[in-house]
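Along the sequence shown, residues are numbered consecutively beginning with 1. Counting convention: from 1, in listed order, for ligands and their atoms alike. Just so it is clear, the model here is predicted, and its values are computed rather than measured.
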Amino acid sequence: MLAQRRILLIIGGGIAAFKSLDLIRRLRERGALVTPVLTRAGTEFVTPLSVSALAGEKLYSDLFDLTDEAEMGHIELSRSADLVLVAPATADLMAKMAQGHADDLASTLLMATDTPVMIAPAMNVRMWEHAATQRNLATLRADGITVVGPNEGDMACGEFGPGRMAEPLEIVAAVERALAEGPLAGRRVLVTSGPTHEPIDPVRYIANRSSGAQGAALAAALRDLGAEVIFVTGPARVPPPAGVTVVPVETAQEMLVAVESALPVDAAIFAAAVADWRMAQASDRKMKKTKGGSLELHFAENPDILATVSRLEADRPALVVGFAAETDDVIENAKAKRQRKGCDWIVANDVSHATGIMGGQENDITLITGDGAEDWPRMGKADVAARLAARIAEVVTGA
Ligand code: CTP
């Protein structure tokens, strides 16, 4: 619930502005107070009257409106809110924010505010993918701004791809998370999960038995503690939890790219069962059976995502946690793995077939930290996740 929480909603000039009308209703249904700000371009898409009628509040739209300045200056306006939400955030607004422009009411408010800021980008797919927008996005993330969406789909301009503004209810969920009061509120945590698929040819791939259950449970537990969770997942059987930012990938190489672009984060948990090998050269045609019946495949080593992030000089998360799925000498192997990969903790588990852990409901883990090994009793994956999330929160918040 958002009872009595004040949201300063900046509506940019894009076709998605029509969804912001519904967004206002949804926020108010949950008890939020919405102060609307409409950019000049925004007035081309929605009328000031409909915005202020739905918000039930005065609309602010121009920096040089002297009456408003007398009533409430832009500094005060920007700080009277619990959250500043920009929806839709156009490519132009994002560029202004990244550069620190202050040439109209919206950009000035964004410069003057000391409250958390969230943006819901919406633009044509090419504009979203443009290097300049991606640079601005990275800058805004590094500045601590929360980003919700965009989603992939059909666009008003007739193209298809990422660029559609997140749906009002998704934005509301992100607002609720941002204003949540758990110990990880305001923190960003990355979780990798699921198997990877490494193509052999267009129809075949190398995979493993990971269901993604432990990673999904962990993402949900971290979300419940108030964290913004970036969930980078391979093709898993267990669906991702609601209320996290899902980044779907197929291969280890794609997973590395997704992980690197999610940084910086406060903690990174690597629960994915990443394939160590890929085909040296995946065939772009279906491989046919040959007479004689033998087949030779040539492999190349995949990047080690956990080791890469553990060794970063800039942007290394304060806590890096790996998993070690072992079948023999579990503790010894996991300790060696912690050293070799340079991570802070290893969550070790025995995945021998008889344990039923891989793909099952329960987990039996040993947590290996710099202080030694802790044996946890066998419990459900959700309980492992809750206990691990609480330990992560202690480290991240210094509690
Ligand atoms: N991992 C990763 N990238 C890889 C391989 C593994 O990020 N290319 C991460 C996993 O997400 C997990 C940890 O490293 O957190 C250990 O994975 P595991 O498969 O047990 O280790 P391996 O590196 O495969 O080591 P070994 O083959 O010796 O068991």
Side-chain angles (χ1 to χ4, degrees), residues 189-199 205-219 222 229-236 238 240 247-263 265 267-280 299-312 315-317 319-353 355 357-359 363-369 373 381 384-385 388-389 391-392:
V189 180
L190 168 84
V191 177
T192 70
S193 182
T196 62
H197 284 183
E198 309 294 334
Y205 54 82
I206 300 165
N208 59 64
R209 292 184 197 279
S210 166
S211 64
Q214 188 61 80
L218 199 49
L222 291 159
V229 179
I230 322 299
F231 188 63
V232 178
T233 177
V238 172
V247 186
V249 297
E250 289 257 335
T251 65
Q253 286 175 303
E254 287 170 12
M255 189 173 272
L256 175 63
V257 171
V259 163
E260 285 176 332
S261 51
L263 300 176
V265 294
I269 327 299
F270 293 88
V274 184
D276 291 326
W277 302 95
R278 66 176 183 276
M279 292 282 286
F299 292 99
E301 201 169 344
N302 266 331
D304 190 317
I305 306 166
L306 172 62
T308 306
V309 172
S310 296
R311 304 233 156 78
L312 287 175
D315 278 352
R316 186 194 191 276
L319 180 68
V320 179
V321 182
F323 275 66
E326 305 287 348
T327 53
D328 306 283
D329 302 325
V330 178
I331 310 288
E332 281 323 299
N333 279 334
K335 281 185 170 165
K337 205 169 269 185
R338 178 176 168 273
Q339 295 287 342
R340 197 167 68 240
K341 302 212 180 199
C343 56
D344 302 303
W345 297 352
I346 282 272
V347 181
N349 53 8
D350 184 344
V351 292
S352 324
H353 208 56
T355 64
I357 282 174
M358 203 99 174
N363 212 346
D364 193 349
I365 69 152
T366 305
L367 179 64
I368 309 218
T369 70
K381 287 184 176 172
V384 170
L388 202 54
R391 292 287 294 270
I392 292 165

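For atom 28 (O) of ligand 1, the nearest protein heavy atom (residue, atom name, distance) is R340 NH2, 3.5 Å. Of the protein's non-hydrogen atoms, the one nearest atom 29 (O) of ligand 1 is K337 NZ, 2.9 Å. Nearest protein heavy-atom neighbour of atom 5 (C) of ligand 1: D276 OD1, 3.5 Å.
At least one N or O atom of L306 sits closer than 3.5 Å to an N or O atom of ligand 1. For ligand 1, the polar-atom distance check against A272 finds a nitrogen or oxygen pair separated by under 3.5 Å. Here's the thing with V321: none of its N/O atoms is less than 3.5 angstrom from an N/O atom of ligand 1. Polar contact with ligand 1: present for F323 (N/O pair, distance under 3.5 Å). For ligand 1, the polar-atom distance check against E326 finds no nitrogen or oxygen pair separated by under 3.5 Å. Considering backbone and side-chain N/O of A271, none are found under 3.5 Å from N/O of ligand 1.
Within ligand 1, counting atoms from 1 as listed, the ones closer than 4.0 Å to a heavy atom of A325 are 20 (O). Of all atoms in ligand 1, listed by their number and element, those nearer than 4.0 Å to a heavy atom of G322 are 15 (O).
By the 4.0 Å heavy-atom criterion, R338 is excluded from the residues contacting ligand 1. Ligand 1 is approached by P303 to a heavy-atom distance shorter than 4.0 Å. Look at A252 and you'll find every heavy atom at least 4.0 Å from all atoms of ligand 1. Proximity of K341 to ligand 1 is established by a heavy-atom distance of less than 4.0 Å.
Residue R278 does not touch ligand 1, judged by heavy-atom distances below 4.0 Å.
Within the 4.5 Å cutoff, the side chain of Q253 has heavy atoms near those of the N302 side chain. You'll find the side chain of T308 stays beyond 4.5 Å of the side chain of V259, heavy atoms only.
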Set out, in order, the CA-CA distance, both residues' side-chain angles and the distance that settles side-chain contact (heavy atoms from CB on, under 4.5 Å) for F323 and L306, then state yes or no. CA-CA 9 Å; F323 275 66; L306 172 62; over 6 Å; no

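By the definition of a contact as any protein heavy atom under 4.0 Å away, atom 19 (O) of ligand 1 is not in contact.
Between W277 and F299, the ring planes lie perpendicular to each other; the angle is over 60°, past the 30° to 60° tilted range.
Between R311 and D304 there is no salt bridge, since none of the side-chain N atoms of the basic residue sits less than 4.0 Å from a carboxylate O of the acidic one.
With rounding to the nearest 0.5 Å, the separation of CG in D315 from CD in E260 is 10.0 Å. Note that CG of L388 and CG of L367 are 6.5 Å apart. Values are rounded to the nearest 0.5 Å. The distance from atom OG1 of T366 to atom CD of E326, rounded to the nearest 0.5 Å, is 11.0 Å. Going from atom OG1 of T196 over to atom CD1 of I206 covers 9.0 Å, rounded to the nearest 0.5 Å. In this structure, the separation between OG1 on T192 and CG on L256 is 11.0 Å, given to the nearest 0.5 Å.
N349 places no side-chain N or O within 3.5 Å of a backbone atom of D364 that could act as its donor or acceptor partner.
In this structure, of I305, N208, T196, the residue bringing a heavy atom nearest to atom 3 (N) of ligand 1 is I305.
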